[in-house]
Asker: 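I'd like to ask some things about the structure below.
As a basis for the values below, the full set of heavy atoms in this structure was taken, side chains included, without hydrogen atoms, waters or symmetry mates. Here is the naming used below: chain letters follow the sequence lines, and residue numbers restart at 1 for every chain.
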There are 2 protein chains.
Amino acid sequence: MELSSRKKQILKVVVEDYIETAEPVGSKVIAAQMEGKISSATIRNELADLVEMGYLEQPHTSAGRIPSPKGYRLYVNELMEKHALSVAETEKINEALHIKMAELDDVISQAGQMMSLLVQYPTYMMAGGKGAETLQRAELLFVDENSIIVVLMVSGSRVKSKLLKSDLPITAEQLPALSELLNRHFTGIGAAELGHRLMDLSGSVPPELFLLLSAVVSYATEILEEAGKQEIITAGTNRLLKLPEYRDVDKAHELMSFLDSKKNLPIPAAGAPVEILIGPENVDQALKDSSVVVASYDIGDNMKGLIGVVGPTRMDYASVAARLSYFAEGLTKMFGKNELPAKKETKDE
Amino acid sequence: MELSSRKKQILKVVVEDYIETAEPVGSKVIAAQMEGKISSATIRNELADLVEMGYLEQPHTSAGRIPSPKGYRLYVNELMEKHALSVAETEKINEALHIKMAELDDVISQAGQMMSLLVQYPTYMMAGGKGAETLQRAELLFVDENSIIVVLMVSGSRVKSKLLKSDLPITAEQLPALSELLNRHFTGIGAAELGHRLMDLSGSVPPELFLLLSAVVSYATEILEEAGKQEIITAGTNRLLKLPEYRDVDKAHELMSFLDSKKNLPIPAAGAPVEILIGPENVDQALKDSSVVVASYDIGDNMKGLIGVVGPTRMDYASVAARLSYFAEGLTKMFGKNELPAKKETKDE
DNA sequence: TTTAGCACTCATTTCTCTCGAGTGCTAAAC
DNA sequence: GTTTAGCACTCGAGAGAAATGAGTGCTAAA
């Protein structure tokens, strides 16, 4: 059964008022905010209907009404006006996105902090491939007889490197052979496969090389496993404490621990640009009284990242969703064209 | 003026009891815990003295006593028994330290989390050079005509790498020259100097190379600046909320924001293995009611790291300090001999 | 110097009371 | 049939007031 347009309007006022004040909304306040003059008594009748239909709730008999998850859902789906970002805000976001990218992880963490600052709620960010990271290429650089630099390029255009030290002396001459070995036998495969390949080669490689080789492969395995593992970064968790619904320390602690545990955080449904999960729509117990707005973005061609905002159910869905989708869009663009800055013009005078 | 040994014993009981319970300690409780039977009345006389001398405080007339910062200080300096770690605990720490080290930052962050788990207080970790990081060596690897991998080795044996993409085509032939240029003119100097060197070369390098060169140098500058910046990682800040002294949400929020801001966190005095800062001994306002135990460790030859624990003034100094110093020691050892694992024996059957 | 005894203090807990925002219902007005 | 005004009613929040009890300070005796 469809709601009358007046009921919808009332629902909208209730949601928006409650978002702002975190206090139950009374009939009088609603009457004042409705266009067209309707008395508070009429509103009360409508409110009673809305409660009956499950869109609103009453904390106790003589309190105002607050939206139920069902009410929020309707609001999000139909009533919410696309929140347009002001020029100033847009610029702020753009600025944040142009932060010099040092490394992927850092950028992502930066972005999370920025977002948290912007919406005043905690955020979480996840970056990672689809679990099928493979080794693309390996290079070895000679440093001195006890150390070499290993450079690995993994799928998704990420590069990792490390200084390996060895007890056994290494000669510069060994490296080309080793490097060739690596690129011939170990590229294009995932972490699980690396170990097997190493075994296969154990007979056919000179022992002094094999030692080095296995060290390098072990490092590669580590890198791939880590890249495959979806790492989650959180930012601004302490903002929760500023919100009235988390003045209850135990509640705040439960949620913060959950965020810190970095497990089971909601991920957006495939395809949807921004997803909104309200209260009980969340799977995890710790989130049952909170809401999550989450968006995904693309990193390169075959990786996806994800950024989410966690807050009370009364969070300002319109504005958070707008910011988030704009932000995610920006991140996608940013990771898409990651090119050499050609800003400095070369002049020969 | 020296305290009588009985006064000291009383002080010790008060401190330890208060650490455990977070409640003011009454004369009766003390009497029960003192060896040799002394009546609570006698204790009260002694307590009055201790208050007068500034070692204890009374929240209000008819409450028990709690230690003042001065009292804690005496406890830490003289009364505290070196807390011996149990075998189980030692093993736990050892285990944590053997976590596979993926990258410096990760290890450090891991260590912080582990420590936080161990002492049940928030921790912060800092790693970084002495601000005088220099570029040691640069290598370039050809990927395809639009991208190259830049590998930089900075002082302290750290390696960083990145994939650079370019609009202009790059040929494999250009790289050796570029690499030679980099290693000849840009090694051994710090971030600030890099820009100047680039300027000096602007005339003498072919323009198409110069474009690439400046991109690489700009990346190098970034890396060095970041390495120089002392980055601070925190862990377990939410544990604060479990402690009675931070049930007051505003207090908790102040401290947590301070930790999140990652500024002005105490650093240990040079030389001392572990430093304990009690309440007002801390410089920053947000820490005036809390205490910090901080230790430093060595990373390689010319870098120092730092790990600190933040908690209420009644924190269990003995145990925290013991764990921390053991941990820091372990970290130093661990970073010291970072060698190739020679575990796998090579057999040719 | 130590101890027992007792009056006193004061934070905490419990309860009672009041206040008022907001409701539900009824009956009249539109 | 819908809207409105009016009024009794509910119930949480907040303010005191009173009871509680842990712990003290002081005095006088051991």
Asker: Could you identify the nucleotide paired to dA29(C), looking across every strand shown and requiring Watson-Crick or G-U wobble geometry with both distances under 3.5 Å?
Answerer: dT2(D)
Asker: Nearest 0.5 Å please: distance from the CG atom of Asn238(A) over to the CG atom of Asn238(B).
Answerer: 11.0 Å
Asker: Taking atom P of dA4(C) as reference, at what distance in whole Å does atom NZ of Lys37(B) sit?
Answerer: 12 Å
Asker: Mind checking whether Tyr72(B) and Tyr18(B) have parallel, tilted or perpendicular rings, split at 30° and 60°?
Answerer: tilted
Asker: Mind calculating the distance between CG (Leu50(B)) and C1' (dG25(D)) to the nearest angstrom?
Answerer: 16 Å
Asker: Does Ser116(A) reach the main-chain N or O of Tyr121(A) with its side chain, forming a donor-acceptor pair under 3.5 Å?
Answerer: yes
Asker: In Å and rounded to the nearest 0.5 Å, what is the NZ to CG distance from Lys7(B) to Asp49(B)?
Answerer: 4.0 Å
Asker: Give the B/S/- string for nucleotides 6-21 of chain C, one per nucleotide from 5' to 3', where a protein heavy atom under 4.0 Å of the base yields B, of only the sugar-phosphate yields S, and otherwise -.
Answerer: ---BBS---------B
Asker: Just to be sure I understand the rule, does Thr42(B) reach a base, reach only the sugar-phosphate, or reach nothing, if contact means heavy atoms closer than 4.0 Å?
Answerer: base
Asker: Could you let me know what dT16(C) is paired to, Watson-Crick or G-U wobble, both distances under 3.5 Å, or none if it's on its own?
Answerer: dA15(D)
Asker: Nearest-Å distance, CD1 (Ile43(A)) to P (dG22(C))?
Answerer: 13 Å
Asker: So Arg323(B) and Val309(B), do their side chains get closer than 4.5 Å, heavy atoms only?
Answerer: no
Asker: Distance check needed: dG25(D) C1' versus Asp49(B) CG, whole Å only.
Answerer: 13 Å
Asker: Whole angstroms only, please: what is the CD-P distance between Glu57(A) and dG22(C)?
Answerer: 18 Å
Asker: Heavy atoms under 4.0 Å, any strand shown: does Ala41(B) hit a base, just sugar-phosphate, or nothing?
Answerer: base
Asker: Would you mind reading off the distance between Gln58(A) atom CD and dG12(D) atom P, rounded to a whole angstrom?
Answerer: 11 Å
Asker: Taking Arg65(A) first and then Glu46(A), would you say they form a salt bridge - that is, a charged N and a carboxylate O separated by under 4.0 Å?
Answerer: no
Asker: Looking only at atom types and distance, does a side-chain atom of Thr234(A) sit under 3.5 Å from a main-chain N or O of Asp260(A), one as donor and one as acceptor?
Answerer: no
Asker: Once you round it to whole Å, what is the distance between C1' of dT24(D) and CG of Leu56(B)?
Answerer: 14 Å
Asker: Report the base-pairing partner of dA29(D) (Watson-Crick or G-U wobble, both distances below 3.5 angstrom), or none.
Answerer: dT2(C)
Asker: Is the closest basic N to carboxylate O distance between Arg314(A) and Asp17(A) below 4.0 Å?
Answerer: no
Asker: Within residues 65-72 of chain A, find the residues that approach DNA chain C with a heavy atom at under 4.0 Å, and present them sorted by residue number.
Answerer: Arg65(A)
Asker: For Ile10(B) and dT24(D), what is the distance between atoms CD1 and P respectively, to the nearest whole Å?
Answerer: 12 Å
Asker: For a 4.5 angstrom cut-off between non-hydrogen side-chain atoms, does Tyr55(A) reach Val14(A)?
Answerer: no
